[in-house]
Amino acid sequence: MTDKKPVRVRIAPSPTGDPHVGTAYVGLINFAFARKNGGRFVLRIEDTDRERSTPESEAAILDSLRWVGLEWDEGPDKGGDYGPYRQSERSDLYREHIRTLLDNGSAYPCFCTPEELGSIRKRQREQKKNKGYDGTCRRIEPDEARRRMDAGEPHTIRLAMPLEGETGFTDRLRGEVSYANDQIDDQILMKSDGFPTYHLANVVDDHLMEITHVIRAEEWINSTPKHVVLYQAFGWEPPVFVHLPLLRNKDKSKISKRKNPVALNYYRQIGILPESMLNFLGMLGHSLGDDREVFDLEEFIQEFSFDRVSLGGPVFDVDKLLWLNGVRIRDMAVPELASRLRESLFSQEAVERLVPLIRERIDSLGEFPDKVTYFTLHKLPIPMELMVKGLKTRTPAEMATLLKKCVKEMDGVEFAAEPLEEFLKGYCEEKDIKIGELFMAVRIAVTGRKATPPLFETMEALGRAAVTQRLLAAVELLKQVRL
RNA sequence: GUCCCCAUCGUCUAGUCAGGUCAAGGACACGGGCCUUUCACGCCCGCGACACCGGUUCAAAUCCGGUUGGGGACGCCA
C-alpha cells in the first residue's frame, strides 16, 4: 500500500427534481475529505435516466452546490482531464465496456419483457426470497442470444453474477461486509434504450476518472457487491468504499420530501445562510471531537476524519438548523447582514418573481414586505378559525384527508400554475367537492390568508417544498380540530 | 418475507477502536427563573439516555454472543 495515488472523490447527483439536502451532505463529506488530503473533488452528472433527467434540474444542482459553497475542481461546466462529466455524453464508453463483458462471459443479453419481469418478481416474493431476477435468459445458448440480438430483438444486458460463494468488500466505516452470491440477482447493466444503469456507469466512470474513494449514502451498500463483481470482471482495482449514514425524517425513516423539506432551494428561500446549512450538515453524523457546534467550513475540513463519523442515521432537525442560523445572524456585522438580506430576500431575482403577483395590490412600496411574508416564512401560522369557517360540506377531518391525498397526488404534477390548476380542478371533480371550498382551504393553508394573488401563480412562486410542507402542516392542525 | 447495516437524553452528539479518571459531558427542544417598559437575545437552574439478556474481566456505555428495536435494499430509478 505504498503506491499512494492522489485522492480523487466525486459527487454524482442525478438531475431529477430539486437539488436535495442529501446531495449537499454527501458533497460536504466528499469535499472535506478531498481538501483534507489535497485531492480533487469531481462533479459528475448521472443523467442516464433519460425519462426523468432535465437540464433545468442539472442547472439547479450546480447552482445549489455553489450556493452552499462546495465548489468542484472538475465538472460538466468547467471540464477537466477526465471528461465528459455528464454520463449521457459517455455512451460510447459504456457500449465499449459492455462489449468487453459480453465477450468474456461476465454479462449476457436478457429478452424478458417488463411484464415477464413483474411476474418473476412476484413469484420470488411469494417464495420469500430476496432475489429479484431469476436468470431465465442466462440459460439461452450464446449463439441463439447473438442471433436474437442481431435480429434487433429488444433486450437489456445483465451482469452474470457468480452462482456460488460470496462477495465482500471493506467499508471504511463498517469493516468487512459480505454477501452470499446466490442472494444477489443479475443486475441490468444496460437498458433496452442503450443507456447504462447506474451500476455500470458508476463503475466504469469511477475507474476511468481514477476515483480513489467512493463516498456515498448507505442506500448503496447493498448494491456494492455487484459493483465489486464488475470491477473483477474488468480486471480493475476497486476504490475504497465509504457508506455514509442516511439522513432521516423525525420518524427515523429515510428523509423524504413528504415528511420534511428536502430541497436546498427551500432553505435558501426561507433565509437559511449557506454557511449555516453546511455547519448543520457537518454536525450530522460527525463531530469535531470537542464542544464546538458553530464552525465554518475550514474548521470542519481541519477536523474531518472518517474516524469521527457516527453511524446512527441522524434526524434532520430543522429546529436546530434554525437555531444555528440565528446564532450566525446575531454574530454577523451589521453591514454584512444587511447585504445578505438584500442578496437573499430582496434580491433582484426574488423581488422580480413576486412583484407581478402583488403589484396591483399595493399603493405604496411599504406594503410590499407584508404582502410577501408567506413566501419566506418557515413556520407560517395558519388561522384555523378562518379555515374551519370556510368548510361548508366537509368536516375538518374530511378536509384533512382530502388535502393529504392531494399532496400525494401533486407529486406527479409539474409545479407550474397551469398544470396545478388543471390538477386541482380535476381533483375537485373527482372528489365531488365545490371548487371554491377546496381552493379556499388550500389558499389558507398555503398563505395563511383569505385574500391573496391568484392561487396557482402563488403556489408556483412558493414552490413545491413550501406548498407541500404547509399543506401537511394544515392537515395536522385540521385533524386536531374538535367541533 | 429475505439479505445487509445500525443502536448513549425527545433530537444532534462526546465518551466506545487502545475497559477503570463516566453515580455518563455539551448543544437543540422543553419547563422554571433572572435581565428587561414589551418581545426577543443573553444568563442561571431543571428535566432527560448507555435498548434488553447473558458472557469475558478485579472492573464494561466501552470487548464477545444472543434477543429486541430501528433503518435500508430487493426497479430497464439513481
Side-chain angles (χ1 to χ4, degrees), chain A residues 12-17 20 22-23 45-53 87 110-114 116-118 120-121 124-133 154-158 166 168-169 171 173-185 187-202 216-226 243-255 279-294 307-324 326-327 329-331:
Chain A
S14 159
T16 54
H20 199 278
T23 304
I45 297 294
E46 308 234 332
D47 56 351
T48 53
D49 182 347
R50 68 198 218 312
E51 298 272 300
R52 296 195 303 152
S53 296
Q87 290 186 329
C110 173
F111 303 95
C112 293
T113 63
E116 286 168 327
L117 293 178
I120 290 171
R121 211 167 288 134
Q124 297 279 0
R125 278 293 173 105
E126 279 161 5
Q127 290 172 15
K128 303 181 190 302
K129 291 217 176 110
N130 171 29
K131 197 151 167 160
Y133 186 58
H155 64 277
T156 61
I157 304 293
R158 285 184 186 271
E166 47 181 50
F169 59 95
D171 182 277
L173 302 176
R174 298 153 219 272
E176 290 302 314
V177 182
S178 78
Y179 297 76
N181 288 333
D182 63 12
Q183 288 289 332
I184 305 170
D185 75 342
Q187 180 63 47
I188 289 182
L189 300 176
M190 184 165 279
K191 303 178 248 182
S192 55
D193 65 4
F195 278 76
T197 59
Y198 170 83
H199 306 279
L200 199 236
N202 110 86
R216 74 226 310 182
E218 190 182 358
E219 55 190 329
W220 295 111
I221 199 165
N222 288 311
S223 44
T224 305
K226 295 172 181 176
H243 292 96
L244 265 16
L246 251 20
L247 264 23
R248 310 291 182 94
N249 298 311
K250 274 199 168 58
D251 65 4
K252 297 276 191 180
S253 56
K254 174 166 99 168
I255 195 166
N279 187 160
F280 177 62
L281 293 173
M283 55 197 267
L284 298 181
H286 189 274
S287 72
L288 300 194
D290 51 34
D291 287 343
R292 268 177 297 169
E293 299 217 87
V294 182
D307 296 331
R308 302 215 60 83
V309 172
S310 53
L311 295 174
V315 172
F316 192 93
D317 181 1
V318 182
D319 280 342
K320 191 142 186 177
L321 170 61
L322 252 14
W323 165 76
L324 205 51
V327 171
I329 284 173
R330 276 167 237 126
D331 276 352

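The chains referred to below are lettered A, B, ... by the order of the sequence lines, with proteins before strands, and numbering in each begins at 1.
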Within less than 4.0 Å of OP1 or OP2 of [N], is there a side-chain N or O belonging to [X]?
X	N	value
A:R308	B:G15	yes
A:R121	B:G75	yes
A:T48	B:A78	yes
A:S223	B:A73	no

Please state the [atom1] separation for the pair [N] and [M] - nearest whole angstrom.
N	M	atom1	result
B:A18	B:A40	P	50 Å
B:C35	B:C30	P	22 Å
B:A23	B:A61	C1'	13 Å
B:C9	B:A14	P	13 Å
B:C28	B:A49	C1'	15 Å
B:G70	B:G31	P	29 Å
B:G72	B:C50	P	25 Å
B:A29	B:C47	C1'	12 Å

message: Return whichever of A:P114 or A:P314 has its heavy-atom-nearest nucleotide of RNA chain B closer to the 5' end.
response: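 That would be A:P314.
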
message: I want to confirm an ordering. Mapping A:T197 and A:L284 to their closest nucleotides on RNA chain B, which one lands closer to the 5' end?
response: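 Final value for this comparison: A:L284.
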
query: If you check every side-chain atom of A:E219, which of B:G72, B:G26, B:C12 has the closest atom?
result: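 It is B:G72.
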
- request: Among the candidates B:C76, B:A73, B:C12, find the nucleotide nearest to the side-chain atoms of A:R158.
  value: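 The closest nucleotide is B:C76.
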
task: Let me see the working for A:R216 and A:H243 under side chain to side chain contact (heavy atoms under 4.5 Å, CB included), right down to the final yes or no.
output: CA-CA 5 Å; A:R216 74 226 310 182; A:H243 292 96; 3.2 Å; yes

Roughly, in whole Å, what's the span from [atom1] in [X] to [atom2] in [N]?
X	N	atom1	atom2	value
A:L324	B:A29	CG	P	11 Å
A:D290	B:A27	CG	P	13 Å
A:R292	B:G25	CZ	C1'	16 Å
A:H199	B:C74	NE2	P	8 Å
A:D171	B:G72	CG	P	18 Å
A:E51	B:C76	CD	C1'	10 Å
A:I184	B:G72	CD1	P	20 Å
A:E293	B:G26	CD	P	12 Å

Compare every heavy atom of [Y] with every heavy atom of [X], then report the nearest pair and how far apart it is.
X	Y	answer
A:R308	A:G289	NH2-CA, 2.9 Å
A:V315	A:K252	CG2-CD, 4.1 Å
A:P245	A:S310	CG-O, 3.6 Å

- request: Examine the base of B:C76 for any acceptor or donor lying under 3.5 Å from a partner atom in the side chain of A:T156, and report the outcome as yes or no.
  value: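 Answer is no: no donor-acceptor pair is held.
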
- request: Ignoring hydrogens and angles, answer whether the base of B:A29 and the side-chain atoms of A:K320 contain a donor-acceptor pair closer than 3.5 Å.
  value: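 No, the side chain and the base share no sub-3.5 Å donor-acceptor pair.
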
- prompt: Okay, side chain of A:T197, backbone of A:I188: is any donor-acceptor separation there less than 3.5 Å?
  reply: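 Here the side-chain-to-backbone pair exists.
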
Does [N] have a Watson-Crick or wobble partner in any strand here, with both distances under 3.5 angstrom, and which is it?
N	answer
B:A73	B:U2
B:C43	B:G33
B:A51	B:U67
B:A27	B:U11
B:U56	none

- request: Return the set of residues passing side-chain hydrogen bond (donor to acceptor under 3.5 Å, both in side chains) with A:Y133 (not counting sequence neighbours), or none when no residue passes.
  value: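 Result, side-chain hydrogen bond (donor to acceptor under 3.5 Å, both in side chains) vs A:Y133: none returned.
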
Please list, pair by pair, any protein nitrogen or oxygen found under 3.5 Å from a nitrogen or oxygen in nucleotides 48-52 of chain B.
none

message: If you apply the rule side chain to side chain contact (heavy atoms under 4.5 Å, CB included), what do you find for A:I221 with A:Y179, and how did you get there?
response: CA-CA 11 Å; A:I221 199 165; A:Y179 297 76; 4.2 Å; yes

- prompt: With sequence neighbours excluded, what pairs up with A:D319 under the salt bridge (charged side-chain N to carboxylate O under 4.0 Å, His left out) test?
  reply: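 Partners of A:D319 under the salt bridge (charged side-chain N to carboxylate O under 4.0 Å, His left out) test: A:K379.
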
task: Applying salt bridge (charged side-chain N to carboxylate O under 4.0 Å, His left out), name anything that partners A:R174, two or more places apart in sequence or on another chain.
output: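 Once residues adjacent in sequence are excluded, the partners of A:R174 under the salt bridge (charged side-chain N to carboxylate O under 4.0 Å, His left out) criterion are A:D171, A:E218.
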
Taking side chain to side chain contact (heavy atoms under 4.5 Å, CB included) as the definition, give me every residue that meets it alongside [X], ordered by chain and number, with sequence neighbours left out.
X	result
A:S253	A:N249, A:D251, A:K259
A:T16	A:S14, A:R52, A:S53
A:R121	A:L117
A:R292	A:L288, A:D290, A:E299, A:E303

- request: Find out whether A:C110 and A:I157 are in side-chain contact, i.e. whether some heavy atom of one side chain is under 4.5 Å from a heavy atom of the other.
  value: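 No, every pair of side-chain atoms sits at 4.5 Å or beyond.
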
message: When you compare the side chain of A:V294 with that of A:N279, does any pair of heavy atoms fall below 4.5 Å?
response: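 SC-SC contact between A:N279 and A:V294 confirmed.
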
query: Parallel under 30°, tilted from 30 to 60°, perpendicular over 60°: which one fits the rings of A:H155 and A:F111?
result: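 The arrangement is tilted - the two ring planes meet at 30° to 60°.
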
Restricting both atoms to N or O, compile the protein contacts to nucleotides 62-65 of chain B shorter than 3.5 Å, with distance only.
none

message: Heavy atoms only, 4.0 Å cut-off, all strands: where does A:S253 land among base, sugar-phosphate and nothing?
response: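 Sugar-phosphate contact only - A:S253 comes under 4.0 Å of backbone atoms but never of a base.
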
- request: Report which part of the nucleic acid A:C112 touches: base, sugar-phosphate, or nothing (heavy-atom distance under 4.0 Å, all strands).
  value: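 It contacts base atoms.
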
Every protein N/O lying under 3.5 Å from an N/O of nucleotides 39-44 of chain B:
none

field: Under the ring-ring contact (aromatic ring centres under 6.0 Å, His included) test, residues paired with A:H199 that sit two or more places apart
entry: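 In terms of ring-ring contact (aromatic ring centres under 6.0 Å, His included), with neighbours along the sequence ignored, A:H199 is linked to A:H227.
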
Using a cut-off of under 3.5 Å, enumerate the N/O to N/O pairs linking the protein to nucleotides 2-10 of chain B.
| from | atom 1 | to | atom 2 | distance (Å) |
| --- | --- | --- | --- | --- |
| B:U2 | O4' | A:K128 | O | 3.4 |
| B:U2 | O2' | A:Q183 | OE1 | 3.1 |
| B:U2 | O2 | A:N130 | OD1 | 3.0 |
| B:C4 | O2' | A:Y179 | OH | 2.9 |
| B:C5 | O2' | A:R174 | NH1 | 2.5 |
| B:C5 | O2' | A:E218 | OE2 | 2.7 |

